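To start, the structure under review is shown below, and the notes come after it.
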Amino acid sequence: MNYNTYFDTHIQTLKDNGHYRYFLEVNKSAQHFPKFYFQDQEGVKRSAINWCSNDYLAQSVHEEVISKLSFAGNRAGVGSGGTRNISGTTTYHKELEDTLAKLHKKEGALLFSGAYLANLTTLSTLGKLIPELIFISDERNHASMVEGMKASKNKKIIFRHNDVTHLEEILNALPTDQPKLIVFESVYSITGTIAPVREIAALAKQYNCLTYIDEVHAVGLYGEDGGGITSLYHVQSEIDIINGTLAKGFGVIGGYIAANQNIIDAIRSFGSGFIFTTSLPPAMCAAAIKSIQLVQGNSELRKQYQQNVKLLRQILNFHDVPFLSSESHITNIPIGDPSLCRKIASHLLFDSGVYIQPVFYPTVPLGEECLRITLTARHTQAQMEALAKSLRKTLNVFIPSAITHNTVVYG
Ligand SMILES: Cc1ncc(COP(=O)(O)O)c(C=O)c1O
């Protein structure tokens with residue numbers, strides 16, 4: 001085999017169908033966030049506003065979080081130097097897990113390098129521990145959950161996105177004593193749809209299922225204490241395992257699950273992606289604790305953020321920029337073609353200083369390519385106005401037919 005040709009052919013196919021990924025080098029500025037600097041193709045330094053960061057509450061640039069990081073880094077050094085089992089469990093790790101357990105009103109929590117690994121490890125480990133377990137999975141679940149279920153080799157049944165009628169049909173057809181786990185997200189990262197968590201929890205109880213929810217795009221943002229959608233609906237005790245990230249609403253790095261102590265202990269003891277990897281840097285744990293404390297106690301920040309989301313949508317509507325209607329903070333402008341999506345994004349960046357990374361396959365199914373706009377707590381009304389005007393101007397150039405007064409409704 002000619003290995004070089006093999007790789008080149010695969011890459012060329014991606015380039016031909018418009019799915020090749022180009023990364024923009026973002027020179028991030030803590031001081032000026034969401035403004036940042038980058039170099040254009042001619043090497044000229046330019047600035048732009050970031051409209052695709054998941055640092056929703058701008059916690060990554062919060063002065064107290066940064067100070068905590070440097071303080072703890074000076075005390076504890078940088079790396080932890082070990083897996084959790086072999087000298088890598090510091091007091092910071094323990095304190096962070098306690099903080100997360102309390103946030104989600106659970107007996108325990110378990111840290112991972114990221115929520116991707118938390119999903120992958122937890123789901124694959126549960127499948128291996130209970131070989132007869134059937135996963136019942138929402139069709140729009142994140143790649144990390146899909147990979148976790150696949151790795152377990154257990155049976156999986158997919159229900160239509162957020163469709164509790166379909167979910168019940170599936171549950172009804174399974175034997176009562178069949179072990180089963182409903183796997184879903186609270187806020188879906190691309191469409192911005194929110195799961196009917198209460199209804200799913202009720203079905204789980206009725207049909208004796210375990211439940212697993214990914215709250216990655218909800219933690220910090222929803223609920224009185226920022227505990228996510230399960231907190232907003234007060235159903236923490238009805239969901240068995242809650243997955244979250246420290247990297248989005250909390251602005252740091254790392255992922256976790258929160259659950260009853262026996263589940264936590266099982267994943268801690270059998271989960272390969274937990275056991276065989278160096279633990280998070282202690283200073284990152286300290287920064288995450290600080291960030292959670294700040295966010296947890298600041299319901300005003302959450303309220304203000306949601307008001308800004310409303311304001312952004314009013315401004316987009318005013319400028320006739322079509323977007324998917326959504327109950328959450330995520331705003332999705334459907335484009336439906338990867339090359340067009342890239343051209344629009346590139347035009348926005350170089351012409352208007354608006355950075356929105358185009359989203360295409362495999363992040364979304366083919367034909368659902370889009371621009372995903374995320375607001376942060378630091379975006380101003382003036383920046384929102386400028387965004388809407390630039391979007392309208394750019395859409396006029398590339399898809400003139402997208403001039404509409406109607407918000408596109410996700411179907
Ligand atoms: C729904 C969902 N789950 C999990 C993850 C992984 O999170 P992390 O970045 O902490 O690994 C992401 C990442 O974007 C996500 O969108």
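Start at 1 and go down the list; that is how both ligands and their atoms are numbered. This structure is a prediction, so every number in the text was calculated from the model and none was measured.
Residues that satisfy the side-chain hydrogen bond (donor to acceptor under 3.5 Å, both in side chains) test with S231, not counting sequence neighbours, are D225. Applying the side-chain hydrogen bond (donor to acceptor under 3.5 Å, both in side chains) criterion to Y305, with sequence neighbours excluded, gives no partner residue. Judged as a salt bridge (charged side-chain N to carboxylate O under 4.0 Å, His left out), and not counting sequence neighbours, the contacts of D351 are K393.
No donor-acceptor pair closer than 3.5 Å links the side chain of H104 to the backbone N or O of K106.
Cation-pi geometry between K156 and F135 is not met: the NZ or CZ atom fails to fall both under 6.0 Å from the ring centre and inside 45° of the normal. Relative to the six-membered ring of F33, K28 meets both conditions, a distance below 6.0 Å and an angle of at most 45° to the axis.
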Atom pairs, nitrogen or oxygen, ligand 1 to protein, under 3.5 angstrom:
residue: ligand 1; atom: 3 (N); partner: D214; partner atom: OD2; Å: 2.6
residue: ligand 1; atom: 10 (O); partner: A115; partner atom: N; Å: 2.8
residue: ligand 1; atom: 10 (O); partner: T245; partner atom: OG1; Å: 2.7
residue: ligand 1; atom: 11 (O); partner: A115; partner atom: N; Å: 3.1
residue: ligand 1; atom: 11 (O); partner: Y116; partner atom: N; Å: 2.9
residue: ligand 1; atom: 14 (O); partner: K248; partner atom: NZ; Å: 2.8
residue: ligand 1; atom: 16 (O); partner: H217; partner atom: NE2; Å: 2.7

